[in-house]
Number of protein chains: 2
Amino acid sequence: MAFFLSTFTNKVDKKGRVSVPATFRAAVAGGAFPGIVLYRPFNLACIEGADMAFLERLSDQFYDEFGPFNPDQAALTATILAGAVQLAFDPEGRVMLPGEFKEHAGITDTATFVGIGRKFQIWGPEAFEAYQADQFVKAAEAAPKLRPAKGGQP
Amino acid sequence: MAFFLSTFTNKVDKKGRVSVPATFRAAVAGGAFPGIVLYRPFNLACIEGADMAFLERLSDQFYDEFGPFNPDQAALTATILAGAVQLAFDPEGRVMLPGEFKEHAGITDTATFVGIGRKFQIWGPEAFEAYQADQFVKAAEAAPKLRPAKGGQP
DNA sequence: CCATGTCATCCCATGATATCCCATAAATAC
DNA sequence: GTATTTATGGGATATCATGGGATGACATGG
């Protein structure tokens, strides 16, 4: 499955197009769908994205955890999957962010792509800086909870 | 998985390129990504690096231990993975160190690669000497805490 | 059924920057 | 002594992000 790392800030032109970082495009290349899938997380003011395989796995996870007719499963499915969009790359590797997605993330003319493993996020630059500072503190608290693993933690 | 040993000091040219020690390149060869992955550790003025499999395993460990929407998981991935970079080797086995990484480690025209097992570090030469002297003292204190291992000690 | 405007997609151009490719020199192996 | 590998330097080339114009699809209204 695709893997996303690093942070990139790109411009959104007046047509609403934005270049997906080349490394992210390379990460999803070879998958079933030549593009990315975006959805709005319920608890963050950003856009989340991944390749198609990630969303399929997420859907299966909802079913396996809760069962096919469970209300929790229905709520998560309706919130995340029903509101998702798949965006194809244009020949230059750009996508068009839908208006509702840009509003949800507070994106106007600049978008920050943040790779966080199997998925990535898209933020307005100033919102991301605030979020990142907050997460740094939380990460320092959470790190000791990790169990030892071969190779050690960073 | 890759394993890194020993210390090497190489030049950083005016384009920002630096040769990765040949033994380190050999250690990551055969992996999915022909290069290395770097990130800035919380509490050290250096760069840490490993192969791609190291970060993939770390990321998947976060997901498995905390669940896909857990706040601790989000904090750790946002802090470590978002600040990481993947650097591919050029045909001569060099990589380009990003400016923020060089500044964080105080690297200008010389970089010291330090293999420490499953990962390695990159230091400015004078910062590394000070760090190494400090670690020698701490190692002497820590060694007695090791428990006996089946099969005897080295 | 056709005309029209809107929107999205494609295609080309551009500057910056990173990547490739070749050359050199030192060290090591045979 | 010769051949390889390695680290290093510099010029040439390709890639990437970005902007704008042209072409096409679609729906709406006449």
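Only this structure's heavy atoms are used, side chains among them; waters, hydrogens and symmetry mates stay out. Proteins come first, then strands; the chains are lettered A, B, ... in the order of their sequence lines, and each starts at number 1.
With hydrogens and angles disregarded, a donor-acceptor distance shorter than 3.5 Å links the side chain of A:N10 to the backbone of A:S19.
In the set D:dA17, D:dG9, C:dC21, C:dC21 carries the atom at the smallest distance from any side-chain atom of B:P91. Residue B:N10 places its side chain closer to D:dT8 than to any other of D:dG10, D:dT18, D:dT8. Here the nucleotide nearest the side chain of A:D13, chosen from D:dC16, D:dA7, D:dG19, is D:dG19. Taking the side chain of A:R17 as heavy atoms from C-beta on, and the options D:dA7, D:dA17, C:dC11, the nearest nucleotide is C:dC11.
The distance between atom CG of A:L97 and atom P of C:dA8, rounded to the nearest whole Å, is 12 Å. D:dG19 atom C1' lies 12 Å from atom CG of A:D90, rounded to whole Å. To the nearest angstrom, C1' of D:dC16 lies 15 Å from CZ of A:F24. Atom pair B:L87:CG and C:dT19:P shows a separation of 8 Å (rounding to whole Å applied). In this structure, A:K14 places its NZ atom 16 Å from C1' of C:dA8, rounding to the nearest Å. The nearest whole Å value for the distance from the CZ atom in B:F89 to the C1' atom in C:dC20 is 16 Å.
The residue among B:E92 and B:M96 whose nearest nucleotide of DNA chain C lies closer to the 5′ end is B:M96.
Phosphate contact (OP1/OP2 of C:dA8, side-chain N/O of A:R94, threshold under 4.0 Å): absent. In this structure, B:K15 does not reach the D:dT8 phosphate: none of its side-chain N or O atoms is under 4.0 Å from OP1 or OP2. Within the structure, a side-chain polar atom (N or O) of B:R25 is placed less than 4.0 Å from OP1 or OP2 of D:dA7.
Annotation: cation-pi pair A:R40/A:F101 present, NZ/CZ under 6.0 Å from the ring centroid and within 45° of its normal.
We find the CH2-CD1 distance between B:W123 and B:I47 to be 10.5 Å, quoted to the nearest 0.5 Å.
Across all strands, B:V20 comes closer than 4.0 Å only to sugar-phosphate atoms, never to a base (heavy-atom distances). Using a 4.0 Å heavy-atom cutoff across all strands shown, B:V18 reaches no nucleic acid atom at all.
Between B:F4 and B:F113, the ring center distance fails the sub-6.0 Å criterion.
Taking 4.0 Å as the cut-off between side-chain N and carboxylate O, B:D60 and A:R118 count as a salt-bridged pair.
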